[in-house]
Amino acid sequence: MTVDEIDKRLGAHVAADELLGLAWLIAAGDDVTTGAIGHFDTAREIPVRTDTIFRISSMTKPLTAVAASILIEDGVLDPTEPVDRLLPELADLRVLANPAAEVTDTVAANRPITVDDLLTFRLGWGMDFADFSPKPLDAVWSDLDLGWGPPTPARMLPPDTWLRQLGTLPLQYQPGERWLYHVGASILGILVARAAGKPLSEFLADRVLRPLGMTDTGFSVPPDKLARFGPHYADIDGTRTVFDPADGQWSTPPAFEGGGDGLVSTLADYHLFARMLRDGGELDGTRIMSEQAVNAMTTNHLTPEQLSRGGPSPDGSAGWGYGVGVQLRDLPAGPRAGAYGWDGGLGSTWSNDGAVTAILLTNQAWSSAGPSPVFATFEQILGELARGSDPI
């Protein structure tokens, strides 16, 4: 498969005006190929480039999980310990009598939330992929400005205030009972900062970003790089609308460094991170984490019962490790068992499938109907490459 063929297949979606622009990277071992298609802007005057900086939203989660894993290896955190040692706001929590109950209808928690619960998203709070119907807790969550939906870093409460507000609410489920999305990563970022004694951004920079050479990754874009950071779009009632301008929410450091969705990055930077995981925690002689820690991160931790009640994929083909989805069985035209990675709701995806690493970054958020069809095309391309039927 040639670069021109990949560009043609992906570019067809840009030509159909499903999205304005994208950048892609596919690496088979040490053979790295990249491409960029389309534009930043609706006037189609500023082209997307391979060094464009994108909002990666939930592709932040794997980096936060790596930060926590490093602290576990340092002996600063223990996966089995209750988080309330460092997060006293989450001590003595109550649990809803049932997920649809009023917030005053609660029972006692069976046990405290642990570090492992945050890493595996089994703490008892989060988005239920099996049931998106509105519930009383949702309204109270919104009233407390806790954030629920697309990332809005400039509008978030400071982390201590956010956590204090969160601690006034009951859990949706007992700790360890269910996989629920996102909130665990937000709390994990605060836990990492408190355990490390420095902001999450500083710890990530010290132990992950600078050692790997990820110079364009962070929670905001400095002024001298804004020319590589365009506007981002969302589909609102069928109309392409600016979700965030280039000089918008990511142009200044946020009060809350969101461990679940706050980072920006580039193809090259995220590829360095992906290579580190693919190579067992080490990149070009620089070790970030042990191979055992990488294995723990990229192994499914959910039970069959938890997967049957709602996990990372609707068809049950993927489980969850630490901050990443883990493929449990081969898909006919997609990832194979053992592949891992994650998506970002602002329009991005990454996976490691054997020797093949793939990254797709776009400047358009997923709609209520799901991601742009370009992601299915990208997955088909990866399936062909990972199985070796049509190498680059």
Side-chain angles (χ1 to χ4, degrees), residues 20-27 32-41 46-67 151 153-154 189 199-233 243-254 257-279 283-284 286 288 323 341-352 357-365:
L20 285 173
L22 61 86
W24 62 269
L25 178 149
I26 297 175
V32 183
T33 307
T34 63
I37 304 166
H39 297 83
F40 278 143
D41 57 325
I46 308 172
V48 171
R49 307 186 322 195
T50 54
D51 66 348
T52 291
I53 300 171
F54 289 89
R55 302 154 183 82
I56 63 170
S57 53
S58 288
M59 281 171 56
T60 302
K61 291 175 171 66
L63 281 98
T64 303
V66 163
L200 176 60
S201 58
E202 289 186 22
F203 185 77
L204 277 174
D206 291 345
R207 301 295 296 272
V208 182
L209 304 182
R210 278 197 292 267
L212 291 178
M214 297 174 67
T215 57
D216 287 326
T217 301
F219 288 101
S220 62
V221 181
D224 63 329
K225 295 183 180 182
L226 283 175
R228 291 193 285 127
F229 183 65
H232 201 86
Y233 300 89
F243 166 72
D244 186 60
D247 60 353
Q249 295 195 69
W250 278 267
S251 63
T252 56
E257 297 173 341
D261 58 12
L263 288 174
V264 300
S265 193
T266 61
L267 289 177
D269 270 19
Y270 214 89
H271 181 222
L272 293 169
F273 176 73
R275 280 179 57 205
M276 179 273 294
L277 292 176
R278 187 199 68 185
D279 293 346
L283 180 70
D284 299 332
T286 298
I288 302 298
W342 199 234
D343 306 325
L346 291 186
S348 60
T349 189
W350 151 68
S351 66
N352 278 356
T357 294
I359 305 165
L360 177 62
L361 305 177
T362 82
N363 57 8
Q364 183 160 306

Under the 3.5 angstrom rule, does the side chain of D41 hit a backbone N or O of L20 as a donor-acceptor pair?
no
Treating S57 as the side-chain partner and D261 as the backbone partner, does any N or O pair qualify as donor plus acceptor under 3.5 Å?
no
Output for pair (I359 CD1, F273 CZ), nearest 0.5 Å, gives 10.5 Å
Please confirm whether the backbone N or O of S201 pairs with a side-chain atom of E257, one donor and one acceptor, at under 3.5 Å?
yes
Stepwise side-chain contact (heavy atoms from CB on, under 4.5 Å) check, T217 with L263:
CA-CA 7 Å; T217 301; L263 288 174; 4.3 Å; yes
Non-hydrogen atoms of G213 and L272 that approach each other most closely
O-CD1, 3.6 Å
Measure the spacing between CZ of R228 and CD1 of I46 and express it to the nearest 0.5 Å.
14.5 Å
Take T33 and W24 through the side-chain contact (heavy atoms from CB on, under 4.5 Å) test and state the conclusion after the steps.
CA-CA 8 Å; T33 307; W24 62 269; 3.6 Å; yes
Side chains of F203 and V208: does their closest heavy-atom pair fall under 4.5 Å?
no
Minimum-distance pair of heavy atoms, taken over all atoms of I288 and P211
CD1-CB, 3.7 Å
When you measure from the side chain of T50 to the backbone N and O of T34, does any donor-acceptor pair fall under 3.5 Å?
no
F243 vs H232 aromatic rings, parallel, tilted or perpendicular, using cut-offs 30° and 60°?
perpendicular
Is the shortest heavy-atom distance from the side chain of I56 to the side chain of L361 under 4.5 Å?
yes
For I53, which of L267, V264, L226 qualifies under side-chain contact (heavy atoms from CB on, under 4.5 Å)?
V264
Going by the side-chain contact (heavy atoms from CB on, under 4.5 Å) test, name the single residue among L25, D216, L63 that passes it with Y270.
L63
Hey, is the main chain of A67 close enough, under 3.5 Å, to the side chain of R207 for a donor-acceptor pair?
no
Say you draw a straight line from NE2 of H271 to OG of S265; how long is it, rounded to the nearest 0.5 Å?
12.0 Å
Closest non-hydrogen contact found for R278 with T357 is CD-OG1, 4.2 Å
Looking at F219 and W250, what are the two nearest heavy atoms and their distance?
O-CD1, 3.6 Å
Here the gap from M214 atom CE to L283 atom CG, rounded to the nearest 0.5 Å, amounts to 10.0 Å
CG of L346 to CE of M59, rounded to nearest 0.5 Å, is 11.5 Å
Assess the residue pair K61 and S58 against the criterion (side-chain hydrogen bond (donor to acceptor under 3.5 Å, both in side chains)); give the C-alpha distance rounded to whole Å, side-chain angles, the decisive distance to 0.1 Å, and a yes or no.
CA-CA 6 Å; K61 291 175 171 66; S58 288; 2.8 Å; yes
For F54 and N363, which heavy atoms make the closest approach, and how far apart are they?
CE2-N, 4.0 Å
Under a 4.5 Å cut-off applied to non-hydrogen side-chain atoms, are I37 and V48 in contact?
no
Roughly how far, to the nearest 0.5 Å, is OG1 of T362 from CG of L22?
7.0 Å
NZ/NE/NH1/NH2 to OD/OE distance under 4.0 Å, D284 and R275:
yes
Within a 6.0 Å radius of atom CZ on R49, are there more than 12 heavy atoms belonging to other residues, nucleotides or ligands?
no
Is N352 reaching over with its side chain to a backbone N or O of A274, donor-acceptor style, under 3.5 angstrom?
yes
Can you give me the closest heavy-atom contact between P222 and S220, atom names plus distance?
CD-O, 3.8 Å
Ignoring hydrogens and geometry, is there a side-chain-to-backbone donor-acceptor pair from D244 to Q249 under 3.5 Å?
yes
